[in-house]
Structure formats: C-alpha cells, structure tokens
Amino acid sequence: MLSARNGRRAALWTAFALVHALVLTLGFVMPNQPMGDVYLVYEPWSTAALDGGGVVGIDSDWVYPQLALVPMVLAHAFAWIAGYTIGWAILVTLVDAVAFALLLGAARSRGRVAAAWFWLAAILLLGPVGLYRLDAVTVALVVLAGLWLRGRPWLAGILLAVATWIKVWPAAVLVAAVIAVRRRWALVGAGMIVSVLTLVAVVVAGGAGHAFGFIGDQTTRGLQVEAPVSSVYLWRALLGLPGFTVYYSRDILTFQVTGTDIDAVIAAMTPILVLGVGAVAALASVKAGRGASTARLLPIAALAVVAAFIALNKVGSPQYLCWLIPPVVLGLTLDRRRWTGLGALVLVLCGLTQLVYPILYNDVLAAQPAGVVVLTVRNVLLLGLAVWAVVRLARVPVRQPASLPLSTRP
C-alpha cells in the first residue's frame, strides 16, 4: 500500500514538472504571443514601481486591484536567471508547487489524486495563457483556500481576500464560501482585515484617489471579442454586415467588437452580470438556510457563481477559464464520482480555449469561419456549464423541506 502511494506521488510530481515545463515552453513557440502580457505590461509596470517611475494603482488608476503588483514585483527575484519572463514562469511554478503539494499530501485520498490529475490536465489543455497571466497566481491561492475552508477558515479567508485584491474573480468563491461554510464570520473577518490593511497602505502611499480605480476601468469596458455576448457581433462580422467588426482598444489593450446599437448592450451587461451572479448566490443562500451540508453545497455553489461570472461577463479573456479549476478541484476532493462529468466538461472548455487563443486567434480577429465557429462552440458549452452548475445547485439535498402554502396544508 505504501509503495503504491509513493508510486502515485512520484507519477504526479513527474507529470507536474513535465506539464509546467512543456506549457511554459509553448509560450515561446505558439503564435500570438501567449506570454506577451508578462514582458509587455507586467515587466514595465513592476520595473517602474521599483525604479521610482510611478506605481500603478497608487499614482494612477489601474485595471487591477493594488496587490496585483506584488507577484509582478516578486518575479524580478528570479529575473537574473534568464530575464523577467522566465522569472515569472519560475514564480508561477513555485506557487503552483506549494498548492499542489498540499492538495496531494501523501496521495492517500483518491479524490485528491483525481483532483491533482485534473489540475495538471487543465493546465496542459488551457496552454500558456493559463500560466503567463496574473490569474495563475490567484488559482493556486484559491486552491489552497479551498482545502482550508472548513478546517482553517481564518487562513482560507485571508488567502481568498489576498487573491481578490490581486484579481477580482476570487470574490465569487469567497461569496460562495461565506454562504456555505458554517464558520462564515471567520471568513468575513479575515477578508475585512486584509481589505482594511490594503486600503490603509494605499492611502498612506498617497493613492486614496485611485484605491478603487479598477472598478471604473472594468465597468466602462466594451465587449471583448472572446466573451459569449460578443459571438452575435462576430457572426455578423463574418457575414460581412456593415458596421460589425473587431478592433483593438489601446486604452484596455485588448480586442473588442463593435456594431449597431452596441452601446446599449455594453451598458446592460454589468447589471445583467450583477443580477445573474446575485440570483445564483441567493439560490445558494436558500440551500444553506435549509440545512444543506457544506460538503455538498460549497463546491457546486462556487462553480455556479464563478461560471455565471464568466458566462455573463462582457470581458472574456481566455485565461478566465482557469477560474473554473479551483471549484472543480474542491469538488473532486470532496466527492470524486459526482464531479467527474463537470470536470470533464471543464477540460473540454480548456482545450477549446487554447484552440481559440493562441492557435486560431488570427481567424477570430479577422472574423473567419474556423475561429468564429470554434469560439462559438466554446461559448455555447460555457453557457451550458453555467446552466448545469445552477441545476446541480438547485438539486443539492437539504434537511428542511420547503414550507407548504397555507392552502395546501392538511
């Protein structure tokens, strides 16, 4: 038995090394610069901060929360080896290794072993964009938090809050955790402490006027080309309809779509996102109030909230798909059999996303059939995952049956 566990651990750690080495190398080989954000934006931002040239989020509004600068600066500690991009790759690999080690443990649990294999498969199928983006750091932090949510909620709350102040999306997992975990006030308290300390540091540094600049930057954005809502505009561009095209926004540094009456859609998407995510959270709250177990409720609530956050978002960067990894890792850890299907669909979505970016991205931007069709299939399946997760959430068993209307009571 011991030798079998050691064999599983050795196989998984070998796969970890090979997958990271391959995917990080592919960043230099694949088209469309899948690691471009690292040396085009992360390096200049962090270098300016270190050299006294201005700190983003302090001296100016920034698209990210202020703690996003921390991993960008930390990557410089390894830049002496072979440059900043390799330094970033080493940093991400180390952060992943810490989370992977705690997830796998002694390889006694079949659920944890399955979750570890799933995580490696997702990294491989999503490709370089999943590691050469800020989201990679937050994924590892949220995986760690998921492992500690029930046993060490204070520590989990700190990790989720830090991750949220790096990239906003972990707030979706934090919301699900506050709803599902019994010791929710520990999560709330930890999150408040991290937030207060972060804001105090920002104010002391002279950045009070830019503390929440990332919120304004996100709400004023247009429709990013990969977002599900943008598929309608892409197909019209493919069909050659006047006024429908893809363009590059120099303000946001990303590709967006345009077309007839698009301003109304842009304005509507943020309220739709808030209402959709709010409705999922409300459903999870009802389940929690009626006595659903944390083990059954927490992972599916987290997946449903995150999937809704991606599917209803007007921003659809390809790395967003890695947000689905932590909820599935948690689900496989707690209930491997029930989560096999959802995990398989997430892997398909990761594979299709790598086809979209970077492989077929030129076709997407030029509104050519191959790119538009693959992206549309990916987006339809993404919407399907969100619906599936919400249905699973609605079916989570509870201890207290719903009250009958007065007219139907005996």
Side-chain angles (χ1 to χ4, degrees), residues 32-34 36-38 40-42 44-45 56-57 60-69 72 129 132-135 138 163-172 209-237 243-278 305-324 353 356-357 361 364-365 367 372 375-376 378-379 382-383 386:
N32 293 303
Q33 297 177 302
D37 277 22
V38 173
L40 292 175
V41 290
Y42 298 175
W45 281 332
V56 284
S60 61
D61 283 350
W62 197 24
V63 69
Y64 299 129
Q66 282 74 10
L67 292 187
L69 193 59
M72 297 179 191
V129 74
Y132 284 109
R133 292 294 188 277
L134 195 58
D135 307 72
T138 59
T164 299
W165 277 98
I166 293 175
K167 199 77 187 285
V168 174
W169 78 267
H210 307 291
F212 297 101
F214 60 94
I215 297 176
D217 280 349
Q218 293 294 333
T219 56
T220 57
R221 294 179 68 159
L223 303 186
Q224 189 167 333
V225 66
E226 300 98 326
V229 67
S230 300
S231 295
V232 175
Y233 294 88
L234 264 181
W235 275 98
R236 292 180 178 182
F244 292 89
T245 186
V246 179
Y247 71 98
Y248 185 70
S249 170
R250 297 193 177 277
D251 293 333
I252 298 296
L253 304 179
T254 192
F255 288 94
Q256 300 181 156
V257 295
T258 188
T260 305
D261 298 324
I262 197 170
D263 288 341
V265 178
I266 292 172
M269 287 310 298
T270 297
I272 288 172
L273 174 64
V274 172
L275 290 173
V277 171
V305 173
V306 171
F309 194 77
I310 300 172
L312 300 177
N313 209 314
K314 63 181 177 180
V315 183
S317 300
Q319 67 268 21
Y320 284 14
L321 270 291
C322 72
W323 303 355
L324 300 170
T353 299
V356 169
Y357 182 86
Y361 203 54
V364 172
L365 300 182
V372 174
L375 177 57
T376 302
R378 197 286 306 268
N379 285 341
L382 177 58
L383 293 170

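Predicted model only: the values in this text are computed from it and were never measured.
- The two residues Val63 and Phe214 come nearest to each other via the heavy atoms O-CB, 3.5 Å.
- For Tyr357 (side chain) and Val364 (main-chain N/O), no donor-acceptor pair under 3.5 Å exists by modelled atom type.
- For the pair Trp165 and Gln66, the minimum side-chain heavy-atom distance is below 4.5 Å.
- Looking at heavy atoms from C-beta onward, Thr260 lies out of side-chain contact with Arg236 at the 4.5 angstrom threshold.
- Atom-to-atom distance recorded for Ser317:OG and Asp37:CG is 8.5 Å, nearest 0.5 angstrom.
- Of the possible polar contacts, none joining the Thr353 side chain to the Pro318 backbone as a donor-acceptor pair under 3.5 Å is found.
- Remark: Tyr247 OH to Leu365 CG distance equals 13.0 Å, nearest 0.5 Å.
- For Ser60 (side chain) and Val56 (main-chain N/O), no donor-acceptor pair under 3.5 Å exists by modelled atom type.
- Heavy atoms only, all atoms of each residue included: Ala172 and Val306 are closest at CB-CG2, 4.0 Å.
- The structure places OG1 of Thr245 at 9.5 Å from CG of Leu234, a figure rounded to the nearest 0.5 Å.
- Pro271 and Ala267 get closest at one heavy-atom pair: CD-O, 3.1 Å.
- Note that CH2 of Trp45 and CG of Leu40 are 10.5 Å apart. Values are rounded to the nearest 0.5 Å.
- Paired with Tyr320 under the rule side chain to side chain contact (heavy atoms under 4.5 Å, CB included), one option of Lys167, Arg133, Glu226 passes, and it is Lys167.
- Residues Leu383 and Asn379 fail the side-chain proximity criterion, which asks for heavy atoms closer than 4.5 Å.
- For the pair Pro228 and Ile310, the tightest heavy-atom approach, listed with the atom from each and the gap, is CD-O, 4.2 Å.
- The structure places CG of Asp261 at 11.0 Å from CD1 of Ile266, a figure rounded to the nearest 0.5 Å.
- Side-chain N or O atoms of Ser230 include one that pairs as donor or acceptor with a backbone N or O of Gln224 at under 3.5 Å.
- Ring pair Phe244/Tyr233 is tilted by interplanar angle, where 30° to 60° counts as tilted.
- With contacts defined as side-chain heavy-atom distances shorter than 4.5 Å, the pair Gln256/Leu223 does not qualify.
- Side-chain contact between Leu273 and Met269: absent, with no pair of heavy atoms (C-beta onward) separated by less than 4.5 Å.
- Annotation: the span from Asp61 atom CG to Phe212 atom CZ amounts to 12.0 Å, rounded to 0.5 Å.
- Without hydrogens or angle criteria, Gln319 side chain to Tyr132 main chain gives no donor-acceptor distance under 3.5 Å.
- A tilted orientation is assigned to the rings of Phe309 and Trp323, their planes being inclined by 30° to 60°.
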